[in-house]
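This report concerns only the one structure given below.
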Number of protein chains: 2
Amino acid sequence: MERWRALGLDTSPHADLIAQRLSHFAELSGREIALLESLAQHTDESAAGTELIREGQSLDSPRLMMAGWACRYRTLPDGRRQIFKFILPGDLFGFCLRPKAVALTATIALTPVVTADASPLATAITKDAASHPGLTQACYATVGLNEAYLLNQLVRVGRQTAYERTAHFILEIRERLSMVGLAGEASVAIPLTQEIMADALGLSVVHLNRTLQQLRRNQLIEFKGGMVRLLQPQRLAEIANFRAPHVTETARAAA
Amino acid sequence: MERWRALGLDTSPHADLIAQRLSHFAELSGREIALLESLAQHTDESAAGTELIREGQSLDSPRLMMAGWACRYRTLPDGRRQIFKFILPGDLFGFCLRPKAVALTATIALTPVVTADASPLATAITKDAASHPGLTQACYATVGLNEAYLLNQLVRVGRQTAYERTAHFILEIRERLSMVGLAGEASVAIPLTQEIMADALGLSVVHLNRTLQQLRRNQLIEFKGGMVRLLQPQRLAEIANFRAPHVTETARAAA
DNA sequence: CGGCCTTTTGAATGTCTTCAAAGTGCGTGG
DNA sequence: CCACGCACTTTGAAGACATTCAAAAGGCCG
């Protein structure tokens, strides 16, 4: 479980990840950026496997993922698990603008994580949206984008083959991480065991393993030790029917 | 396509469906209920197959489903289709509280439908929430519940067998319709072809057909001409791992 | 070096899909 | 009123896709 550090997935928090991400959706003022960076002052570290949010827990303390990966998931009584969403560096989680909301799923850390208290951000856009127009717009766009990712997930799992699914998943992670500068055009660090990926993709570990091998054999990706290299991103996108989601009328870039 | 009327799925709009549904989530004042019922004054009818919302369309005219069924879906280039959600009588759709949002999916009518303009409701809770506390709370709860249904859908499709999936689906529809008085304890009208259900459940029509037969053979359901009778609801819920979602701390009843 | 987690492999099995065709029910038009 | 057409459901058979079980190989840490 301690291979992550070696991957360049250092746990050193980068205070500007969220500013970088939100800038894709709205122009942020200097004060807004300062607010985002100030969140880094109150951080917590948690070990891999820590339950960050319990199912049913009241969503009153929104957090920002500063470093590491987490996921939202549900488990059936017999142990089958479905992962709904991965929470990446720069992502908000437990962040719900509705009052009195309750967590619909549990959230656990998949790697060691550093998280920050995001309630100043929540307060800014709920109590004083007028003076934070950029943050407000960007956070709303984020909510929309999250819904779009969930729908993508459903299409993958419901209607795509293992091969397409896996390709699509890698592309989506690459896209999301590149929004915070953590992925290049053609390579991503994905610090997940194949078991975890399988639980997200609705596949068995064994079959996911074989599917990855097939993608490798077809010269589409390299995948060693958590580093994925996309050898033919364009081809991969065709196979996966991958397309960048459009969330608002004016989003500056939804990709 | 004109079998629906025979099913008791008459297209006569019932102005109180949404009031009935929202009452499950908050106490509504007389004025709030009046507002809801006044929505029925501006209705439109659309034939089955009509595209009610185009993907990418600006979400500026929220609507209320008064009668009939619709769905949100996406199609892959080769024709495979995934249905994300069914829109039932009493449901809001195209209803997004974020400004400048855009439809992430298309919405089409599956039966003849009657819809009403819901913008007075949207205005009430965005411009003047303070005087509509019940509506506001209930609509927020609705948004949460919709997310919960989407997550259920993902679990079904990602981790459940065809048999479990189908059982779970029927129970969920029964639950949702019973909130608007359109389903009894042990029976529901589901005006969908098996092809449509299959597209929601991520199955082929043929396999769904066989799965339904298996549920019948096992004395769990009867299913003739769109009417589903649950012979052993309790047993069915066990098979499907069905449980009613909990959306807010104080929801009066999420089932 | 030894232990544990993760990845990989093989083989058998099961689930689900596909293709093709027959059966059924309902509305329309003759 | 019956016959026909069309959409939907049902059936059979073959094959593809994915899972399961079991075990071996690889990598990392103490």
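Just so it is clear: chains get the letters A, B, ... in the order the sequence lines come, proteins before strands, and each one is counted from 1. Since this is a predicted model, take the numbers as computed values, not measurements.
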task = Take atom CD1 of Ile190(B) and atom P of dT9(D), then tell me their distance rounded to the nearest Å.
result = 12 Å

key: Spacing between Leu192(B) atom CG and dC8(D) atom P, to the nearest angstrom   = 12 Å

Nearest to side-chain heavy atoms of His207(B), which nucleotide of dG12(D), dG10(C), dC16(C) = dC16(C)

query = dT10(D) phosphate, OP1 or OP2: any side-chain N/O from Gln194(B) under 4.0 angstrom?
reply = yes

key: Whole-Å gap separating P (dC8(D)) and CG (Leu208(B))   = 14 Å

message = Need to verify one output field. Residue with the more 5' nearest nucleotide on DNA chain C, Val205(A) or Thr161(B)?
response = Val205(A)

task = Would you tell me if any nitrogen or oxygen in the side chain of Arg217(A) comes within less than 4.0 Å of OP1 or OP2 on dT8(C)?
result = no

task = Ignoring backbone atoms, establish whether Arg210(A) has a side-chain N or O less than 4.0 Å from OP1 or OP2 of dA11(C).
result = no

ask   = How long is the line joining CZ of Arg80(B) and P of dT17(C), in whole Å?
value = 12 Å

task = For Gln214(A) and Asn218(A), test the side chains for any donor-to-acceptor distance below 3.5 angstrom and give the result as yes or no.
result = no

ask   = Looking at Gln82(A), Arg80(A), Glu55(A), which hits side-chain contact (heavy atoms from CB on, under 4.5 Å) with Arg74(A)?
value = Glu55(A)

request  = Could you state the atom-to-atom distance from CG of Leu110(A) to P of dT6(C) in whole Å?
outcome  = 12 Å

ask   = Closest to the Ser204(B) side chain: dT11(D), dG10(C), dT17(C)?
value = dT17(C)

query = Would Phe169(A) and Phe86(A) count as a close aromatic pair, with their ring centres under 6.0 Å?
reply = yes

query = Nearest 0.5 Å, what's the CG-CG distance between Asp117(B) and Leu39(B)?
reply = 7.5 Å

Interatomic distance, Phe223(A) CZ vs dT7(C) P [rounded to whole Å] = 8 Å

ask   = Counting just side-chain N and O atoms, does Gln213(A) come under 4.0 Å of either OP1 or OP2 of dT9(C)?
value = yes

task = Please report the shortest heavy-atom distance between Gln153(B) and Ala200(B), naming the atom on each side.
result = NE2-O, 3.1 Å

request  = Could you state the atom-to-atom distance from CG of Asp78(B) to P of dT18(C) in whole Å?
outcome  = 10 Å

task = Under 4.0 Å between any heavy atoms, over every strand shown, what does Arg216(A) touch: base, sugar-phosphate, or nothing? Just pick one.
result = sugar-phosphate

note = Side-chain atoms of Asn209(A) come closest, of dT9(C), dT10(D), dT17(C), to dT9(C)

request  = Rounded to the nearest angstrom, tell me the gap between atom CG in Asp199(A) and atom P in dT19(D).
outcome  = 11 Å

